[in-house]
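Notes to accompany the following structure.
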Amino acid sequence: MAGKTNYIERVLETVKKRNPGETEFHQAVSEVFESLKFVIEKNPEFEQAAILERIVEPERQIIFRVPWQDDKGKIHVNRGFRIQFSSAIGPYKGGIRFHPSVYIGIIKFLGFEQIFKNSLTGLMMGGAKGGSDFDPKGKSDPEIMRFCQSFMNELCRHIGADTDVPAGDIGVGGREIGYMFGQWKKLTSLFNGVLTGKGLDFGGSLARTEATGYGCVYFCEEMLKDKKESFNGKTVVVSGSGNVAIYAHEKATELGAKVVAMSDSNGYIYDKHGIDLDTVKQLKEVERKRIKEYVKEHKSAKYTEGSFDIWNVECDVALPCATQNELDEKAAKTLVKNGCIAVAEGANMPCTPEAVKVFLENKIAFGPGKAANAGGVATSGLEMAQDSQRLVWSFEEVDKKLHQIMINIYKSAKEAAKEYGTPGNLVNGANIAGFTKVARAMMAQGLV
Ligand code: NDP
Ligand code: 2IT
């Protein structure tokens, strides 16, 4: 046992040394490795085949210059990334993030998580992530278009419907995917499923927009069922007010819950009568304004500056749907004290490791991001299937498949946790179930 633990520690040390300063990547690797001690112990062949050393090193990392011109004619240069982490179980697949905080450590953490998340969906997708330190806030549509075109000018050399299929993430939604797809087509003459999250008129899938938020709630519903509970009558806090947050709110509300708080990076809104989703959609999806504007229209709502204080709001269920490390140990303790019974991560790695520990110790049902938010990429997989078939499935058909995938993910994580001796720990379960499939595929394909 000690020897096996040493193997994990040794590889983790190498990761830290070889990737200095990439703190989010270190955090993601150490969280996954923490769960893998159970697997390495049972499967010594993984150490012999150096599976851990291989899986932490991306197959390919592309960093490129993205020059673009603003409306006044001034030239700007941003940095673009595409990290192709693993193609063991399918073409590289994962989103693109545009946010000023983006650097290689963020893209690597996201790409690493994506390997296991995509594996959990049961579909044929490898792991990748991309992005840029470009800040879309306050930019005009033509500026966004020129940036997306410049980004694609380089990205197009590295992607393809059967090699690497990007999609959206923070700061990249339908508008950006549309501009990138247009440029892809212009450059390659190919009309195919090279990007997912496309518009419904040109190869997009119904229910992809809703998928991550809906999927997160479907996953949480399964956790609640195991506690003989449901969303009906529950008070819910959803952080963020972007794509994932909006559709998590929509599905939770449909299942009878009341969402009382939402946020953006400046602050949060609270209304004990519930947050009106139509107003949030209008503000965020159409007008691209700040969440504080909400209280102008809804006098019973209160706006508080400082987004991370949202966790002080009392709730039964918490759905962190904004960004990494947005919920820390102190926030986790507050949630527990306030009687919260379930937390499902709509965002990637929103809870710090200390916060996760608090939830697990207090027997709060906890759904880790790579399981709970896998509905987005799963539905991207369904979009790829439709594009390949040149067919369009109905909303109900896609939603039904998504729902079943989320139930399956919950079952795999739960069963793996039990099989490896940590029943009820879905963090371990998801990491183990996601990893073992990829590791087996790597073993079968030889040293490549
Ligand atoms: P959006 O850009 O649509 O929304 C992001 C939301 O999070 C906004 O409300 C934004 O506020 C807030 N936010 C972003 N960065 C920060 C920050 N540093 N501090 C505080 N708040 C912040 O992105 P998505 O909804 O698509 O993504 C949200 C999360 O879900 C991310 O972690 C993403 O990786 C994850 N995810 C997304 C999937 C998808 O299909 N889109 C799939 C699976 C996971 P503001 O507008 O002020 O920046
Ligand atoms: O983090 C994620 O899973 C996403 N941003 C979605 C990726 C995708 O390819 O749909």
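Read the numbers this way: they start at 1 and go in the same order the structure lists the ligands and their atoms.
- In summary, the atoms of ligand 1 found under 4.0 Å from a heavy atom of C321, numbered by their order in the structure, are 28 (C), 29 (C).
- The pair D316-K258 does not meet the salt-bridge criterion, since no charged nitrogen lies less than 4.0 angstrom from a carboxylate oxygen.
- Remark: ligand 1 and V244 share an N or O pair separated by less than 3.5 Å (distance only, no angle test).
- Close contacts between ligand 1 and N373 involve ligand atoms 43 (C), 44 (C) [criterion: under 4.0 Å to a heavy atom].
- The residues K281 and E250 are annotated as salt-bridged, a charged nitrogen and a carboxylate oxygen being separated by less than 4.0 angstrom.
- Heavy-atom proximity to G240, at under 4.0 Å, picks out these atoms of ligand 1: 9 (O).
- Residue R97 has at least one N or O atom closer than 3.5 Å to an N or O atom of ligand 1.
- Here the side chain of S239 pairs a donor or acceptor atom with the backbone of C321 at under 3.5 angstrom.
- In this structure a side-chain-to-backbone donor-acceptor pair under 3.5 Å is present from Q84 to H158.
- Summary of contacts: the protein heavy atom closest to atom 14 (C) of ligand 1 is I170 CD1, 4.0 Å.
- A salt bridge does not link E293 to R290: none of the charged nitrogens lies less than 4.0 Å from a carboxylate oxygen.
- K139 forms a cation-pi arrangement with F134, by the criterion of a distance under 6.0 Å to the ring centre and an angle within 45° of the ring axis.
- Ligand 1 has no atom lying under 4.0 Å from any heavy atom of G173.
- Polar contact with ligand 1: present for R208 (N/O pair, distance under 3.5 Å).
- Side-chain contact check for Y218 and D399: at least one donor-acceptor pair (N or O, by modelled atom type) lies under 3.5 Å.
- Between the side chain of N338 and the main chain of C340, no donor-acceptor pair closer than 3.5 Å is present.
- In E326, neither the side chain nor the backbone holds a heavy atom less than 4.0 Å from any atom of ligand 1.
- In this comparison of G242, G171, G95, G376, the heavy atom closest to atom 2 (O) of ligand 1 sits on G171.
- Atom 33 (C) of ligand 1 has its closest protein heavy atom at D169 OD1, 3.2 Å.
- Regarding atom 29 (C) of ligand 1, its nearest protein heavy-atom neighbour is A322 O, 3.2 Å.
- Not a single heavy atom of M349 sits less than 4.0 Å from an atom of ligand 1.
- For ligand 1, the polar-atom distance check finds an N/O of K137 within less than 3.5 Å of one of the ligand's N/O atoms.
- At the top of the distance list for atom 18 (N) of ligand 1, counting protein heavy atoms only, stands T323 CG2, 3.8 Å.
- The side chain of T212, and not its backbone, has at least one atom closer than 4.0 Å to an atom of ligand 1 (non-hydrogen atoms only; side chain from C-beta on).
- Using modelled atom types, one finds a donor on one side chain and an acceptor on the other under 3.5 Å when comparing N19 with K108.
- When each atom of ligand 1 is checked for a heavy atom of H99 under 4.0 Å away, the hits are 15 (N).
- The backbone N or O of L190 sits less than 3.5 Å from a side-chain atom of W184, completing a donor-acceptor pair.
- To the nearest 0.5 Å, atoms CG (N348) and CD (E113) are separated by 6.5 Å.
- Given atom 32 (O) of ligand 1, the protein heavy atom at minimum distance is N348 N, 3.1 Å.
- Ring-plane geometry between F25 and F112 is classed as perpendicular, the angle between the planes exceeding 60 degrees on a 0 to 90 degree scale with a lower cut at 30.
- For F151 and F98, the ring centers are positioned less than 6.0 Å apart.
- Of all protein heavy atoms, the one lying nearest to atom 9 (O) of ligand 1 is S241 N, 2.9 Å.
- Taking the ring centre of W393 as origin, the terminal cationic atom of K401 falls inside the region bounded by 6.0 Å and 45° from the ring axis.
- F435 pairs with exactly one of I55, V32, I115 by the side chain to side chain contact (heavy atoms under 4.5 Å, CB included) rule, that one being I55.
- Judged by distance alone, the side chain of D387 and the main-chain N or O of N192 form no donor-acceptor pair under 3.5 Å.
- Between K400 and E397, none of the side-chain N atoms (NZ, or NE/NH1/NH2) sits under 4.0 Å from a carboxylate O, so this pair counts as no salt bridge.
- For a heavy-atom separation below 4.0 Å, the residues in contact with ligand 2 are K93, G94, G95, Q114, K117, K129, A167, G168, D169, R208, N348, G376, V377, S380.
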Q. Could you go step by step and tell me if F181 and F191 meet the ring pair (Phe, Tyr, Trp, His ring centres under 6.0 Å) rule?
A. CA-CA 9 Å; F181 184 71; F191 194 116; 5.1 Å; yes
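- At a heavy-atom distance under 4.0 Å, only side-chain atoms of R290, from C-beta outward, approach ligand 1.
- The nearest protein atom to atom 41 (N) of ligand 1, hydrogens excluded, is given as N243 OD1, 3.6 Å; this is a heavy-atom distance.
- At the shortest separation from atom 45 (P) of ligand 1 among protein heavy atoms lies S265 OG, 3.5 Å.
- Contacts of P350 with ligand 1, taken as heavy-atom pairs under 4.0 Å, are absent altogether.
- Put simply, no part of Q324 is less than 4.0 Å from ligand 1, judged by heavy atoms.
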